[in-house]
Asks: 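Take a look at this one; I'll ask things after.
Note on naming: letters A, B, ... go to the chains in the order of the sequence lines (proteins, then strands), and numbering restarts at 1 for each one.
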Amino acid sequence: MEYYKQINEIWRVQGYRKAINTLRQQKQPVRTKQDALKLPGFGHQLSDKLEEIVKTGKLTRLIESKKDSRAAVLGLLEGIFGVGPNTAREWYNDGVRNLSNARVRPDLTPQQRVGIDRYHDFNTRIPRNEVAQHFSVVESAARNIDSGLRCFIMGSYRRGVQTCGDIDLIVTKPGTKRIEEGEKSLMWVLQKLTTQLTAMGFLKVCLLGKDKGGKDSNSKWYGASMLEDIGIWRRIDILIVPWSELGASLLYFTGNDLFNRSIRMLAVKKGMSLNQHGLFKDVIRDKNWKKIHRGTLVEAHDERKIFEALGIKWLEPKERNVG
DNA sequence: TCTCAGCGCCG
DNA sequence: CGGCGC
DNA sequence: GAGA
Ligand SMILES: O=c1ccn([C@H]2C[C@H](O)[C@@H](COP(=O)(O)OP(=O)(O)OP(=O)(O)O)O2)c(=O)[nH]1
Ligand SMILES: [Mg+2]
């Protein structure tokens, strides 16, 4: 809808999403520029646009933008997994206009190749109940490897939406403090789990998190999974997290992204810092706002306690759909 | 005019 | 490191 | 895009 700005316009998009969010929260309909201007996220430009929509039922600027074929191609290319704004622009300037052009790029990464071959699959929303089925497959396999493992469905599924863009999962184990600790470490589990599910034919391809020769920093695995009776490849993300960081991980992986960004900004305003590993205080930042010291841990295991420490009331996952 | 979250993985 | 993704 |  309001996604008609693609090119180097991520902040404009963020502005629109914030405004949409405040608009949703309004109980009373907002009809005039005067009303709109009072709302957070609405400045003169957006208020003008709102008034135009209310009065005429359309937005001239939007109709014009539909004719922008360059934006349409850039949008198409960015729909490829592994292609972002820069690659899309570079390819466009090189004459790429469709997926077939893109498919024969010599600089195509293995990720992008899969992204093109499965373009339609990956851009198809997943019904809620199918997400749960994928989860069951992974959970059974995990429990089979180690009965102590715990799995959670995250992302938009946890926020209660009816269709999901992908499948987001967390695998953890009570008592763990580091993903590399122990005989059957979580890292080992992830490796074992993904190889096993690939051999079963459930996981179709690995897009990130392949065991690199010697290196071992694998806390995540992104790829594709498929249910035999559905036949569509789905994007699936599996994270392993230490039990000690479960709360921060749940908070992070539940989102949505705008919610995470606003709650993290709130943390900064309160002199703290929030990431997927925990909430920290006494963070030392240099003059360029870059972190020098991580600070000391406030809370990481308990999601509710992170809300408390930030001084905000608990929000159910479904209340975290921002924008 | 500056900022807009914070971090993991890959080539 | 830049790029991309979550 | 808004906000400081
Ligand atoms: O830029 C981002 C993107 C995602 N996330 C977190 C929040 C998000 O909820 C979660 C999973 O990401 P995903 O891209 O799968 O989003 P989603 O909320 O699950 O929506 P979708 O239904 O499109 O998968 O990771 C962020 O913190 N920042
Ligand atoms: Mg998701």
Asks: Rounded off to whole Å, could you give me the OH-to-C1' distance for the A/Y16 and B/dC4 pair?
Replies: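 Value for this atom pair: 17 Å.
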Asks: Check whether the side chains of A/H134 and A/S225 place a donor and an acceptor atom closer than 3.5 Å, and report yes or no.
Replies: yes
Asks: Is there a ring-ring contact (aromatic ring centres under 6.0 Å, His included) between A/Y252 and A/H277 once you walk through the steps?
Replies: CA-CA 9 Å; A/Y252 156 67; A/H277 303 295; 8.9 Å; no
Asks: Round to a whole Å and report the spacing from CG of A/L239 to C1' of B/dC9.
Replies: 12 Å
Asks: Nearest-Å distance, CZ (A/R113) to P (B/dG11)?
Replies: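 After rounding, the reported distance stands at 13 Å.
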Asks: Is the shortest side-chain N/O distance from A/K49 to OP1 or OP2 of D/dG1 below 4.0 Å?
Replies: yes
Asks: Indicate, with a heavy-atom threshold strictly under 4.0 Å, whether A/T87 touches base, sugar-phosphate, or nothing.
Replies: sugar-phosphate
Asks: Listing request: all side chain to side chain donor-acceptor pair (under 3.5 Å) pairs with a residue in residues 193-202 of chain A, at least two apart in sequence or in separate chains.
Replies: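 Qualifying pairs: none.
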Asks: Between B/dG6 atom P and A/K269 atom NZ, what is the distance in whole Å?
Replies: 12 Å
Asks: Need two values: the first and the last nucleotide of DNA chain C, 5' to 3', having an atom under 4.0 Å from any heavy-atom of chain A.
Replies: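 Both ends considered, the range comes out as C/dG3 to C/dC6.
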Asks: Can you tell me which nucleotide in B/dC9, D/dG1, B/dG6 comes closest to the side chain of A/L208?
Replies: B/dC9
Asks: Using whole Å, what does the distance between atom C1' of nucleotide B/dA5 and atom NZ of A/K270 come to?
Replies: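 Computing the A/K270:NZ to B/dA5:C1' distance gives 17 Å.
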Asks: Quick check on DNA chain B: between A/Q111 and A/R261, whose nearest nucleotide comes earlier from the 5' end?
Replies: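 It is A/R261 whose nearest nucleotide is closer to the 5' end.
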Asks: Regarding A/I238, tell me which of base, sugar-phosphate or nothing describes its non-hydrogen contacts under 4.0 Å with the strands shown.
Replies: nothing
Asks: Touch check for A/F42, heavy atoms < 4.0 angstrom, all strands: base, sugar-phosphate only, or nothing?
Replies: sugar-phosphate
Asks: Main chain of A/V96, side chain of A/N101: is a donor-acceptor contact present, judged purely on distance under 3.5 Å?
Replies: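 Flag not set: sc A/N101 to bb A/V96 has no pair under 3.5 Å.
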Asks: Give the ring-plane orientation class for A/F122 versus A/W233, where under 30° counts as parallel, over 60° as perpendicular and anything between as tilted.
Replies: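 Answer is tilted, since the angle falls between 30° and 60°.
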Asks: Considering only atom C1', compute the distance from C/dG5 to B/dA5 and round it to an integer number of Å.
Replies: 14 Å
Asks: Tell me which nucleotide among B/dC7, B/dC9, D/dG1 gets nearest to the side chain of A/K220.
Replies: B/dC9
Asks: With a 4.0 Å limit, can you tell me whether A/H277 has a side-chain N or O closer than that to the phosphate oxygens OP1/OP2 of B/dG8?
Replies: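 The answer is yes; a side-chain N or O of A/H277 sits under 4.0 Å from OP1 or OP2.
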Asks: Please determine whether a side-chain nitrogen or oxygen atom of A/Q45 lies at a distance below 4.0 Å from atom OP1 or OP2 of D/dA2.
Replies: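 Yes, because at least one side-chain N or O of A/Q45 sits under 4.0 Å from OP1 or OP2 of D/dA2.
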Asks: Just the rounded figure in Å: distance from C1' of B/dC10 to CG of A/L108.
Replies: 15 Å
Asks: Just checking A/N260: base, sugar-phosphate only, or nothing, at a heavy-atom cut-off of under 4.0 Å?
Replies: nothing
Asks: Under 3.5 Å, side chain of A/R320 to main-chain N/O of A/L315, donor-acceptor pair present?
Replies: yes
Asks: In this structure, how many angstroms lie between the C1' atom of D/dA2 and the CG atom of A/L258, rounded?
Replies: 13 Å
Asks: Which nucleotide wins on minimum distance to the side chain of A/S219, given the candidates B/dG8, B/dC4, B/dG6?
Replies: B/dG8
Asks: Answer with base, sugar-phosphate or nothing: what part of the nucleic acid does A/G209 contact at a heavy-atom distance below 4.0 Å?
Replies: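 If one applies the 4.0 Å heavy-atom cut-off, A/G209 turns out to touch the sugar-phosphate alone, with no base involved.
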Asks: Would you mind classifying the nucleic acid contact of A/D257 as base, sugar-phosphate or nothing, using non-hydrogen atoms under 4.0 angstrom?
Replies: nothing
Asks: Does a side-chain N-to-carboxylate-O contact under 4.0 Å join A/R17 and A/D257?
Replies: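 Judged by the 4.0 Å cut-off on N to carboxylate O distance, A/R17 and A/D257 do form a salt bridge.
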Asks: Once you round it to whole Å, what is the distance between P of B/dC7 and CG of A/L251?
Replies: 14 Å
Asks: Sequence neighbours left out, what passes side chain to side chain donor-acceptor pair (under 3.5 Å) with A/N260? Give chain and number order.
Replies: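 A/N260 satisfies side chain to side chain donor-acceptor pair (under 3.5 Å) with no other residue.
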Asks: If each of A/Y252 and A/T109 is mapped to the nucleotide of DNA chain B with the nearest heavy atom, which maps nearer the 5' terminus, i.e. the 5' end?
Replies: A/Y252
